[in-house]
2 protein chains.
Amino acid sequence: MSHVRYSRRMAVDRDQVLRSAAALLTRKSTATMDEVAKAAGISRATLHRQFAGRDALVRALEALCIAECEAALAAARPDEGPATDAVRRLVAHIEPNAPLIAFLYTENQLFEGEEQNEGWARIDERVAALFTRGQAGGEFRIDLTPAWLTEALYGLLASAAWAVAEGRVAPKDFTHMIVELLLGGVLRQDDPAPRKES
Amino acid sequence: MSHVRYSRRMAVDRDQVLRSAAALLTRKSTATMDEVAKAAGISRATLHRQFAGRDALVRALEALCIAECEAALAAARPDEGPATDAVRRLVAHIEPNAPLIAFLYTENQLFEGEEQNEGWARIDERVAALFTRGQAGGEFRIDLTPAWLTEALYGLLASAAWAVAEGRVAPKDFTHMIVELLLGGVLRQDDPAPRKES
DNA sequence: CGCACATGAGACATTGATGTCTCATGCAAG
DNA sequence: CTTGCATGAGACATCAATGTCTCATGTGCG
């Protein structure tokens, strides 16, 4: 399906390597370049020719993740219809990338001082905008900041991905668990009189 | 204030070392033994005499965190009163440990195959029991499993700790953000559609 | 066929952290 | 004072991962 030729011969399918690296690293975040290479079915030398180093590999994974998240964001049409439904669509579309997000989420802690890819800022902005829209439209409560809700969404995605990987929750419940908790919370809404404010 | 003597002389205050190690590692999770030692104001040799290695240090931090979480759990009296209030108390009491929990949460990913401290299982059990109680009592919705809720609570704690550390949210909102999102979710409960009579 | 070139295999140096060791120092107890 | 002992400083070996390099190989292409 893909006919990528760089000069004359087909080089290693870079995208394929990235995919398998993602699959491995989401399971074993400390995998060495050697293991990544083996998992991709190539030699360490070739892996190193494609990605200057582990750092570059992670950056490439980050770029891949950002691209897919932006695609998911676009597919979710966050500006259309009720914000509630938009959130559902967003989570549903992002779900496949949750493991990779979880990996990068923890990996970013290690980068310490280094500047992070501005792609995340763009995504954060759009997600936060969705929450803001929901608040402005009266669908969402206004005492939780969009920044926190965005942050919490990432956290829930990562937690869920981790919990699924550990076998603590069923994969099929993934979207439902996140969306329902995020939107509705733990409380039953019908029976008891919900109160708020203090 | 503390007069701990191990043999004849005061050895380094082990607990003090642990605290400063926690403070450092929650900020820079990749800090070396050297940095940890410096942060604690002792030499690497002494640090190494107290904790056989980085691994042992992390394990000790884990034990400390577990102990404090169990103390928080006890102080929150999860079996008394409405489950809703118990959750509020729990989060409030656990809050000080959130950064350490976040650190260990990500650190655990690295441990890969190794068995994890059974202390977490005990805590998980009790937290899950609280959610179960809330469900049984009709306070909480029943379509989200206690296991997932427990997992989600950890995730939110970690996310919030991280967000605070990054300066993206105000520290004073910590408990409120977590509790309100976990309990009530994002949706406004009063105004719009959902049929509820108050 | 013969060339070009990407690849695989592996040697090698480098780096950073770790763990171990020794020794001098300082301090408190006897 | 003298002794015992924990400490600080640092040398040192080790280890794992990384990055770089060379070389043989195989295969597509002209």
Side-chain angles (χ1 to χ4, degrees), chain A residues 1-22 24-62 103 106-107 109-114, chain B residues 1-22 24-62 103 106-107 109-114:
Chain A
M1 49 175 67
S2 57
H3 359 253
V4 189
R5 54 180 53 212
Y6 295 110
S7 55
R8 294 172 50 197
R9 279 167 190 69
M10 255 265 295
V12 162
D13 187 340
R14 185 188 144 105
D15 201 65
Q16 203 60 29
V17 174
L18 267 186
R19 301 286 174 181
S20 68
L24 174 60
L25 287 172
T26 54
R27 276 182 290 116
K28 181 174 164 53
S29 62
T30 57
T32 68
M33 294 293 274
D34 226 352
E35 297 174 287
V36 171
K38 276 193 179 58
I42 62 178
S43 72
R44 196 164 68 94
T46 301
L47 175 61
H48 208 272
R49 281 174 195 122
Q50 296 279 330
F51 305 98
R54 187 196 176 75
D55 205 59
L57 176 61
V58 173
R59 300 304 182 134
L61 281 173
E62 192 174 31
F103 164 70
T106 67
E107 197 76 3
Q109 325 259 23
L110 315 187
F111 278 176
E112 245 335 90
E114 317 181 25
Chain B
M1 49 172 68
S2 58
H3 354 254
V4 189
R5 51 180 58 213
Y6 295 110
S7 55
R8 294 172 48 199
R9 278 167 190 71
M10 255 263 297
V12 161
D13 188 341
R14 187 188 143 105
D15 202 65
Q16 204 60 28
V17 174
L18 266 185
R19 302 285 173 182
S20 68
L24 174 60
L25 287 172
T26 54
R27 276 181 291 116
K28 180 174 163 56
S29 62
T30 58
T32 68
M33 294 293 274
D34 226 354
E35 296 174 288
V36 171
K38 277 193 178 59
I42 62 178
S43 73
R44 196 163 69 95
T46 301
L47 174 61
H48 207 271
R49 281 174 196 121
Q50 297 278 330
F51 306 98
R54 186 196 177 76
D55 205 60
L57 176 62
V58 173
R59 299 304 182 132
L61 281 173
E62 192 174 32
F103 164 70
T106 66
E107 199 75 3
Q109 325 257 29
L110 315 186
F111 277 179
E112 247 330 92
E114 315 179 26

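Protein chains get the first letters and strands the later ones, always in sequence-line order, with residue 1 at the start of each.
Remark: B/Ser43 is not in phosphate contact with D/dA9, judged by side-chain N or O atoms under 4.0 Å from OP1 or OP2. For B/Thr32, no side-chain nitrogen or oxygen approaches OP1 or OP2 of C/dA17 to under 4.0 Å.
A donor and an acceptor atom never sit less than 3.5 Å apart when one is taken from the side chain of B/Arg49 and the other from the base of C/dG19.
Using a 4.5 Å heavy-atom cutoff, the side chains of B/Lys28 and B/Thr30 are in contact. Residues B/Asp13 and B/Arg19 fail the side-chain proximity criterion, which asks for heavy atoms closer than 4.5 Å.
Rounded to a whole Å, the NE2 atom of B/His48 is 4 Å from the P atom of C/dG19. B/Met33 has its CE atom 18 Å from the P atom of D/dC15, to the nearest Å. One atom, CD of B/Gln50, and another, C1' of D/dG8, lie 14 Å apart when rounded to the nearest Å. Rounding to whole angstrom units, NZ of residue A/Lys38 and P of D/dT18 are separated by 12 Å. In this structure, the CZ atom of B/Arg14 is 16 Å from the P atom of D/dA6, given to the nearest Å. The nearest whole Å value for the distance from the CD atom in B/Glu35 to the P atom in C/dA17 is 7 Å. Whole-Å rounding puts the B/Ile42 CD1 to C/dT25 P distance at 22 Å. Here the P atom of nucleotide D/dA17 and the CZ atom of A/Arg44 are 10 Å apart, to the nearest Å.
Heavy-atom minimum distance, B/Val17 versus B/Ala40: CG1-CB, 4.2 Å. Taking every heavy atom of both residues into account, A/Arg54 and A/Thr32 meet most closely at NH1-CA, 4.3 Å. Listed here is the closest heavy atom pair of A/Ala60 and A/Arg14: CB-NH2, 3.9 Å.
Counting only heavy atoms from C-beta on, B/Thr46 has its side chain closest to D/dT7 among D/dG10, D/dT7, C/dG19.
Take the nearest nucleotide of DNA chain C for B/Gly53 and for A/Leu47: the residue whose nucleotide is more 5' is A/Leu47.
Residue-level contact check: A/Arg54 touches the backbone only, with heavy atoms under 4.0 Å from sugar-phosphate atoms and none from bases.
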